[in-house]
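These notes concern the structure reproduced below.
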Amino acid sequence: MMHSKMATTVANTVFQANAQSTIESVRPVVNFPPSIWGDRFLSFSLDNSQLEAYGKAMEQPKEQLRRLILNPAIDSNEKLSLIYSVYRLGLTYLFSNDIDGQLDQLFNQQLNLQSCQEADLYTISIHFQVFRSFGYRLSCDVFNKFKDCSSGEFKEDISKDVRGMIGFYESAQLRIGGESILDEANIFIETKLKTIEKTLQGTLSRQVKHVLERPYNRGHQMVEARWYLSEFEEEISRYDSLLTLAKVHFNYLQLLQKEELRIISKWWKDIDLQAKIPYVRERVPELYMWILAFFLEPHYSQARIITTKIVVFVSVLDDTYDAYSTIEEARLLTHAINRWDISAISQLPEYMKPVYEMILNEYAEFNKQVPHQLTPNIIEASIKAFQNLARSYHQEAEWRHVGEVPSFEAYMKIGRFTSAYDILSKSALIGMGEIVTQDVIVWYESDPNMLIATELIGRIENDVVSVQFERERGPSATSVDAYMKTFMVSENVAVNAVKNMVENAWKDIREGCLKPTAVPKDLLAPIVNLAQMTDVTYKYNDGLTFPEKTLKEYITLLFFVSVPM
């Protein structure tokens, strides 16, 4: 994720390298675009009375909505539709136990596939998405009725049901391995929607355009929730309590999150690292947006703040190895990070010393902030991941230094760590509280398939959008180049091959979310949402280095546009 490699200009310069001896080396200077936000988040002042007013305003509609969710008189189709809207609006955490209890009952009813025979494509798609999103293994056979038995093709009358096709396409994003009908649907429906997109108008046109650009399960959950509120008014407004709660909830979260971003922005300004190492990308709001995607719940505020600080460290480390340090300096920095002791600072070049000191000091602060009895060894797990990341960045620097393109296997062994998803997913656990047990940490450190899949997605999607820019800088080592070299194929073949790996990795992630899960579902959120943010940031370009499009739009929406009451 962090190892983004695009730049506007690249220059070479010769300089004094290490603190103890003068070494003349070529320094790869990258002039990154400056921050587009400046200090504007520092001026925010939290109005506690407004926050309390929003909190009180949520109480009544929340209780009304809970009664609706639990109401036995509501039929299963309407109940699942209601739960789907609650889920899409980011309100699930307010009703977790209630929804789980209802879905347990409804899932047992749905096991008889005959119950789906009379339902239309849209209704079945909603059922499928709800159950799969909450970890239930509803069979994809519920869609068999939409295929022609004799030809094996999808029935043509599907094309007349645009809402149904949108739902079916969203359902296909939740497929796991071996679900050929959903593999076929993903291609078939996408083709059909692209064909009719220009013929539609109004809300339906916007919904088709959006799902083609960004299916819900490949998006930022907060941004997608805001979009759902604006585009699915018909479904939401059937329940006054749902509409009211959603609006107040968005404005409540906006105040809390602006305060978190102010805290982080002030921290970044106070440490004044930008003045000491001006070569790094200043992307604090964008990085906070990444972490906000992990979990939106208010009670994970500390986790968001800590993890954002760590992702800032990761960005600094990435830019140091990739865009500034000489190979001699990279070796010194890796050695110091492996030692993880302040005494190692004397061996570093002057410009690296404040970076190293800051990292060690902040981790020491994390130790003070987080009770050890609640998160045993989680700080140590994050440090180990940080050291692994530094070694991996260093290996890539060594490849660049000698102009070597490694084998695909060797590249991906390192690339899964330079995606930075190993350290971010583990570090996200630091502030999550009692839910993080020693068993959870052991599972995270066991290289579960879900985590490996997310790391693969992060590395490959970044590489695919940056490969041309990498080559402009000189000898290139990306997953695309490594695949081309190893299998002696063209770039087009290599790109298609690694993109296919990404789709298979998504299936591993979705499989890992189905019951019974190895750890509680809240603790899978950092892994799943990391993968989703990869798609947001790298589907069309390097949105972190160049945030003027997607991330600027997202930050503007979430922090500057309140929801009208």
Side-chain angles (χ1 to χ4, degrees), residues 2-5 7-23 25-42 261-288 305-306 308-366 383 386-387 389-390 393-394 397 420 423 544-545:
M2 288 293 100
H3 202 55
S4 59
K5 307 172 179 180
T8 49
T9 58
V10 181
N12 290 327
T13 185
V14 179
F15 71 106
Q16 304 288 347
N18 109 28
Q20 298 181 343
S21 63
T22 301
I23 305 172
S25 298
V26 175
R27 184 185 299 284
V29 180
V30 176
N31 296 323
F32 292 115
S35 170
I36 60 179
W37 304 106
D39 291 338
R40 65 192 304 180
F41 293 105
L42 288 170
L261 185 49
R262 183 198 65 79
I263 291 168
I264 295 162
S265 298
K266 186 177 185 303
W267 164 80
W268 174 250
K269 190 170 181 66
D270 288 349
I271 62 177
D272 199 26
L273 206 59
Q274 191 76 33
K276 300 166 186 170
I277 49 170
Y279 59 84
V280 300
R281 286 166 292 177
E282 188 173 6
R283 298 290 183 270
V284 170
E286 289 83 0
L287 294 173
Y288 175 75
I305 291 171
I306 289 175
T308 302
K309 289 181 178 181
I310 291 175
V311 79
V312 170
F313 303 157
V314 170
S315 183
V316 168
L317 195 70
D318 179 16
D319 290 344
T320 300
Y321 277 100
D322 186 56
Y324 194 78
S325 72
T326 64
I327 194 63
E328 294 85 359
E329 293 172 332
R331 292 165 185 161
L332 293 172
L333 180 58
T334 306
H335 177 71
I337 290 174
N338 279 335
R339 283 187 58 189
W340 205 266
D341 190 290
I342 197 63
S343 65
I345 200 170
S346 62
Q347 300 175 11
L348 293 174
E350 285 303 315
Y351 79 90
M352 283 185 176
K353 290 179 179 179
V355 176
Y356 185 70
E357 186 174 17
M358 175 200 70
I359 292 169
L360 265 59
N361 285 345
E362 287 296 335
Y363 267 96
E365 282 299 312
F366 300 155
I383 291 171
F386 198 92
Q387 292 169 323
L389 177 68
Y393 279 159
H394 177 203
I423 181 172
L544 185 63
T545 301

Exercise. What closest approach, in Å, do Ser265 and Leu42 show between heavy atoms, and which atom pair accounts for it?
Worked result: C-CD2, 3.6 Å
Seminar exercise, completed: CD1 (Ile337) and CD1 (Ile359) are apart, to the nearest 0.5 Å, by 5.5 Å
Seminar exercise, completed: For Tyr363, the ring-ring contact (aromatic ring centres under 6.0 Å, His included) test, sequence neighbours excluded, returns Trp340, Phe366
For this session: Apply the test salt bridge (Lys or Arg N to Asp or Glu O under 4.0 Å) to residues Lys353 and Glu350: give CA-CA distance (whole Å), side-chain angles for both, the deciding distance (0.1 Å), then the verdict.
Result: CA-CA 5 Å; Lys353 290 179 179 179; Glu350 285 303 315; 2.8 Å; yes
Problem set entry | Arg283 side chain to Leu544 backbone, donor-acceptor under 3.5 Å | yes
Exercise. Taking the six-membered ring for Trp, are Tyr321 and Tyr393 parallel (under 30°), tilted (30 to 60°) or perpendicular (over 60°)?
Worked result: tilted
For this session: Supply the atom-to-atom distance Thr334 OG1 to Leu317 CG, rounded to the nearest 0.5 angstrom.
Result: 8.0 Å
Problem set entry | Polar side-chain atom of Glu282 near backbone of Ile36 as donor-acceptor pair, under 3.5 Å | no
Problem set entry | Residue pair Leu273 / Met358: nearest heavy atoms and the distance that separates them | CD2-SD, 3.4 Å
Seminar exercise, completed: Correct closest heavy-atom pair for Ile271 and Lys276 would be O-NZ, 3.4 Å
Exercise. Does any N or O in the side chain of Gln347 come within less than 3.5 Å of the main-chain N or O of Ala344, such that one atom is a donor and the other an acceptor?
Worked result: no
Exercise. Should Leu287 and Ser315 be marked as a side-chain contact (heavy atoms from CB on, under 4.5 Å) after you check the CA-CA gap, both sets of side-chain angles, and the distance that decides it?
Worked result: CA-CA 9 Å; Leu287 294 173; Ser315 183; 4.0 Å; yes
Exercise. Can a salt bridge be assigned to the pair Asp270 and Lys266 using a cut-off of 4.0 Å between side-chain N and carboxylate O?
Worked result: yes
Exercise. Roughly how far, to the nearest 0.5 Å, is the CD1 atom of Ile345 from the CZ atom of Arg339?
Worked result: 11.5 Å
Problem set entry | From Ile423 atom CD1 to Leu389 atom CG, the distance as rounded to the nearest 0.5 Å | 6.0 Å
Exercise. Is the backbone of Ala336 close enough, under 3.5 Å, to the side chain of Tyr356 for a donor and an acceptor to pair up by distance?
Worked result: yes
For this session: Give me the one residue out of Val316, Asp318, Asp322 that meets side-chain contact (heavy atoms from CB on, under 4.5 Å) with Thr320.
Result: Val316
Exercise. Can you name the nearest heavy-atom pair linking Leu332 to Pro349, along with the distance?
Worked result: CD1-CD, 4.2 Å
Problem set entry | Distance (rounded to the nearest 0.5 Å) between Glu357 CD and Met352 CE | 15.0 Å
Exercise. If you measure from CD on Glu365 to CH2 on Trp267, what distance do you get to the nearest 0.5 Å?
Worked result: 12.0 Å
Problem set entry | Taking every non-hydrogen atom, the tightest pair across Leu261 and Pro285 | CD1-CA, 3.9 Å
Exercise. So which heavy atom on Pro278 is nearest to which on Ala275, and how close?
Worked result: CD-O, 3.8 Å
Exercise. Which is it for Tyr288 and Phe41 under the ring pair (Phe, Tyr, Trp, His ring centres under 6.0 Å) test, yes or no, and what are the steps along the way?
Worked result: CA-CA 12 Å; Tyr288 175 75; Phe41 293 105; 8.9 Å; no
